[in-house]
Amino acid sequence: MSEIITLANQKGGCGKTSTAAALYSGLTLRGFKVLGLDLDPQANFSFIMQAGSNSADIVDVLAGNADISEAVEHTARGDFIAASKKLSAVDVLITGTERASLLKRALKPVAGVYDFVIIDTPPDLGTITINALVASTGVIIPTFAEIFSVQGVLNLFDMVKNIQTALNSDLINRGILITRHRSRVRVQRETAAAIKQVADRAGVKVFSLPIRDSVIITEGASLQRDVFSYQPKSKVALDYAAFVDELLKDLSL
Ligand SMILES: Nc1ncnc2c1ncn2[C@@H]1O[C@H](COP(=O)(O)OP(=O)(O)O)[C@@H](O)[C@H]1O
Ligand SMILES: [Mg+2]
């Protein structure tokens with residue numbers, strides 16, 4: 001069975017996509033067979049992965065009009081299902097009582113094929129993010145250490161709990177990853193500590209090493225590169241490598 005990991009946070013700009021790309025690449029480099037899935041209509045993950053010429057659309061797959069294998073693109077960097085602009089209209093396009101479980105159903109045929117499925121989500125907690133969480137075995141919450149993130153993280157904890165109770169008992173909250181961190185800025189250190197406190201109280205871990213703030217991430221993205229394919233020896237790549245290793249250790253892999 002695949003580990004299906006969703007990156008989620010209703011805030012934009014907190015590092016979901018950069019982390020999805022780093023995780024995809026880091027796992028691939030370690031020899032795992034990985035499928036990437038971009039569920040954000042903004043298609044940033046697809047852009048970084050140079051993907052987007054898949055023949056079937058993920059929304060057609062969710063609607064039951066195409067098989068998932070038709071949507072998988074075999075790119076030079078691995079297998080990928082690119083985003084679709086139709087994702088922004090998913091609430092209109094897809095209705096019915098089973099609508100929270102459509103992705104879970106769609107992923108069934110590939111569940112044994114890949115070691116990992118890495119899912120990037122839009123900056124909200126709507127139908128698409130719910131589908132991702134219902135289909136997943138794990139969720140990772142990238143967050144920026146600023147004061148407004150704390151409440152957002154708490155809301156997301158609640159949502160994950162509700163999904164665990166009502167829709168997907170297999171879902172494990174794999175933890176918070178602090179991103180874009182500037183350890184020399186006192187307020188960021190304090191906020192990171194506050195996030196750790198609320199996470200501890202909720203029984204959720206925070207990954208040991210934050211991902212530092214580095215222009216390499218933004219430069220890489222503009223060149224359609226994840227951190228490992230752009231600057232594998234940079235400090236921020238080492239931060240991401242430590243994160244991937246810690247996740248694998250937590251998964252006993
Ligand atoms: N560690 C980092 N250091 C500096 N900039 C970063 C870092 N991680 C992400 N960014 C930049 O911040 C912006 C938002 O990141 P992104 O991963 O797209 O977040 P999200 O998917 O949550 O919106 C992007 O321009 C990205 O290049
Ligand atoms: Mg994004």
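Residue numbers start at 1 and run along the sequence shown. Every number for a ligand or one of its atoms is a count from 1 in the order of the listing.
Ligand 1 is approached by D213 to a heavy-atom distance shorter than 4.0 Å. Residue-ligand proximity: G12 is placed with a non-hydrogen atom under 4.0 Å from ligand 1.
Of the protein's heavy atoms, S214 O, 3.1 Å lies nearest to atom 4 (C) of ligand 1. For atom 14 (C) of ligand 1, the closest non-hydrogen atom of the protein is G13 CA, 3.5 Å. The protein heavy-atom contact nearest to atom 2 (C) of ligand 1 is R180 CG, 3.4 Å. Nearest to atom 11 (C) of ligand 1 among the protein's heavy atoms is T218 OG1, 3.8 Å.
Residue contacts with ligand 1: K16 is placed with a nitrogen or oxygen under 3.5 Å of a nitrogen or oxygen of the ligand (distance criterion only). Backbone and side-chain nitrogen or oxygen atoms of T17 are examined, and one is located within less than 3.5 angstrom of a nitrogen or oxygen of ligand 1. Between I211 and ligand 1, no pair of N/O atoms sits closer than 3.5 Å. Taking any N or O of S18, backbone or side chain, at least one lies under 3.5 Å from an N or O belonging to ligand 1. Note: an N/O pair closer than 3.5 Å links R212 and ligand 1 by distance alone. Checking only distances, C14 does come within under 3.5 Å of ligand 1, N or O to N or O. Here's the thing with G15: one of its N/O atoms is less than 3.5 angstrom from an N/O atom of ligand 1.
Taking a distance limit of 4.0 Å, we find that atom 24 (C) of ligand 1 is approached by no protein heavy atom.
Contact check on K205 versus E246 returns a salt bridge, with a Lys/Arg side-chain nitrogen under 4.0 Å from an Asp/Glu carboxylate oxygen.
Heavy-atom neighbours of E219 CD from other residues, nucleotides or ligands within 6.0 Å: above the threshold of 12.
When only modelled atom types and interatomic distance are considered, Y240 and T19 share a side-chain donor-acceptor pair under 3.5 Å. For the residue pair D40 and Q42, a side-chain donor N or O sits within less than 3.5 Å of a side-chain acceptor on the partner. In summary, the side chains of S25 and D226 do present a donor paired with an acceptor at a separation below 3.5 Å, with no hydrogens or angles considered. Looking only at atom types and distance, the side chain of N155 has a donor-acceptor partner in the side chain of Q151 under 3.5 Å away. Defined by atom type and a distance below 3.5 Å, a donor-acceptor pair is missing between the side-chain atoms of D213 and H181. A donor-acceptor contact closer than 3.5 angstrom is absent between the side chains of E70 and S55.
Considering only non-hydrogen atoms, atom 10 (N) of ligand 1 lies nearest to I217 out of I217, I216, D40.
Of the candidates T6, L27, I140, L27 is the only one forming a side-chain contact (heavy atoms from CB on, under 4.5 Å) with I118.
Distance check for Q42 against the Mg ion (ligand 2): none of its N/O/S atoms falls below 2.8 Å.
Under the 4.5 Å side-chain criterion, counting only non-hydrogen atoms from C-beta, S69 is not in contact with V110.
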